[in-house]
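Along the sequence shown, residues are numbered consecutively beginning with 1.
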Amino acid sequence: MPCPAAATSVQEIDLRVSGLAKGYGAGPVFADIGFTIRQGDCVALVGANGTGKSTLLRCCLGIVPPDAGEVSLLGQNLFALGPAARRSLRARTGLVAQKHNLVPRLSVLSNVIHGLLGRQSGPRYWVQALAPAAARTAAMEALDKVGLADLALRRADRLSGGQSQRVAIARALVGNPRFLVADEPCASLDPQAGEEVMALLISLVKRGGVTVLFTSHNVRHALNFGDRVLGLKGGRMAIDAAAADVSPAEMGHLYV
């Protein structure tokens, strides 16, 4: 089910990208990219391997600097900010990556508490035994939302792939982000686990009114879970339309 629009009469723009370009050595990855994402939207970014989806996501979070163009995230010109202000802004965002990037030897609870490191720093946020009570409570609430509260003290390297990605989702949501990026969140999972994780992720962000930009090679996921589709091909934005107006055949043209 697509995410609903934010429950305001006039939606704010949470992400505005204009004239964005990025290249590495051999040539441009993409050029002249522009789009907007409104508060509460769930937007699917699709395209073949090598079209720059992950690079575009990282530009949108300020992790990778573009060669040209501007990114306005939550009302601020991302690359006009100083390092401290950019870190503060990024603390209002969440990231779910294809690789779960959990610390294997630490507990599930400690890994979720790591999601607060963007807002708080220091060793107290590295392991749950040292964490403030408020941090542990927030992490347990996040684990409860993904159905893994009973595994809070289990080591992360004893989890299944689907469980690991649920922990990664809890880690991304524990700080109550306003904007969430999910980069191929189901790519490393089997089809059934991938379907369950994607449905869980979208239901949680829908409930919290979080704005989402996610990538997927699964055409059905893009059309069913996104309310808009952005399609990259040949370094350009080939599709920018409501999911209801895009057919699977049109999506297929992005991959040939």
(request) Could you walk me through whether Ile37 and Leu213 pass the side chain to side chain contact (heavy atoms under 4.5 Å, CB included) test, one step at a time? (result) CA-CA 8 Å; Ile37 298 179; Leu213 176 60; 3.9 Å; yes

(message) Apply side chain to side chain contact (heavy atoms under 4.5 Å, CB included) to residues Asp41 and Asp227 and explain how you reach the verdict.
(response) CA-CA 7 Å; Asp41 278 357; Asp227 53 15; 4.0 Å; yes

(message) Between Leu180 and Val96, does the side chain to side chain contact (heavy atoms under 4.5 Å, CB included) criterion hold? Intermediate values first, please.
(response) CA-CA 8 Å; Leu180 179 74; Val96 178; 4.2 Å; yes

(request) Report the C-alpha distance between His100 and Val167 in whole Å, list the side-chain angles of each, state the deciding distance to 0.1 Å, and finish with yes or no for side chain to side chain contact (heavy atoms under 4.5 Å, CB included). (result) CA-CA 8 Å; His100 312 143; Val167 173; over 6 Å; no

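Tracing side-chain contacts under 4.5 Å through hydrophobic residues (I, L, V, M, F, W, Y), one reaches Leu56 starting from Val29; they form part of the same cluster. One hydrophobic cluster holds both Val127 and Leu143 under the rule that ILVMFWY side chains link at heavy-atom gaps under 4.5 Å. No single ILVMFWY cluster, assembled from side-chain heavy atoms under 4.5 Å apart, contains both Leu89 and Ile13. Criterion: ILVMFWY side-chain heavy atoms under 4.5 Å apart, direct or through other members. Under it, Phe35 and Met251 are not part of a common hydrophobic cluster. Following chains of ILVMFWY side-chain contacts shorter than 4.5 Å, one can reach Leu148 starting from Ile202, so the two form part of one hydrophobic cluster.
Residues Val246 and Leu223 share a closest heavy-atom pair of O-CD2, 3.8 Å. Between Leu254 and Leu232, the closest heavy-atom pair is CD2-O, 4.0 Å. Closest heavy-atom contact between Met198 and Cys186: CB-SG, 3.6 Å. Listed here is the closest heavy atom pair of Ala152 and Ser107: O-CB, 3.7 Å. Cys59 approaches Phe30 most closely through the heavy-atom pair SG-CZ, 4.3 Å. Looking at every heavy atom in both residues, Arg166 comes nearest to Val146 through NH1-O, 3.0 Å.
Using a distance-only test at 3.5 Å, with no hydrogens or angles considered, a donor-acceptor pair links the side chain of His114 to the main chain of Trp126. Between the side chain of Thr215 and the backbone N or O of Glu184, at least one donor-acceptor pair lies under 3.5 Å. Asn111 places a side-chain N or O within 3.5 Å of a backbone atom of Val103 that can act as its donor or acceptor partner. Between the Ser110 side chain and the Leu106 main chain, no donor and acceptor come within less than 3.5 Å of each other. Within the 3.5 Å criterion, the main-chain N or O of Leu73 finds no donor-acceptor partner in the side chain of Gln76. With hydrogens and angles ignored, the 3.5 Å screen pairs no side-chain donor or acceptor of Arg220 with any backbone N or O of Phe225. In terms of modelled atom types and a separation under 3.5 Å, the side chain of Ser188 and the main chain of Lys99 share no donor-acceptor contact. Judged purely by atom type and a 3.5 angstrom limit, Asp14 has no side-chain atom pairing as donor or acceptor with the backbone of Arg38. Side-chain atoms of Arg16 never come within 3.5 Å of backbone atoms of Val71 as a donor-acceptor pair (strictly under, hydrogens ignored). For Thr137 (side chain) and Ala133 (main-chain N/O), a donor-acceptor pair under 3.5 Å exists by modelled atom type.
By the 4.5 Å heavy-atom criterion applied to side chains, Val229 and Val43 are not counted as neighbours.
We find that Arg178 and Glu12 are joined by a salt bridge, their nearest charged nitrogen and carboxylate oxygen being less than 4.0 Å apart. Salt-bridge formation is not detected for the pair Lys53/Asp183: no Lys NZ or Arg NE/NH1/NH2 atom is positioned less than 4.0 Å from an Asp or Glu carboxylate oxygen.
Between the CZ atom of Phe79 and the CG atom of Leu20 there is a distance of 7.5 Å, given to the nearest 0.5 Å. Taken from CG in Leu117 to CZ in Arg124, the straight-line distance is 12.5 Å, to the nearest 0.5 Å. With values rounded to the nearest 0.5 angstrom, Leu230 atom CG is found 6.0 Å from Leu45 atom CG. Between the CG atom in Leu74 and the OG1 atom in Thr93 there is a gap of 8.0 Å [rounded to 0.5 Å]. Remark: Leu102 CG to Gln163 CD distance equals 11.0 Å, nearest 0.5 Å. Atom CG of residue Leu189 and atom OG of residue Ser160 lie 8.5 Å apart, to the nearest 0.5 angstrom.
Sequence neighbours left out, not one pair with a member in residues 81-92 passes salt bridge (charged side-chain N to carboxylate O under 4.0 Å, His left out). Screening residues 240-256 for side-chain hydrogen bond (donor to acceptor under 3.5 Å, both in side chains) gives Arg228-Asp240, Ser247-Glu250 as the qualifying pairs, with residues at least two apart or on separate chains.
Summarising the local packing, NZ of Lys145 is surrounded by 12 or fewer heavy atoms from other residues, nucleotides or ligands at distances under 6.0 Å.
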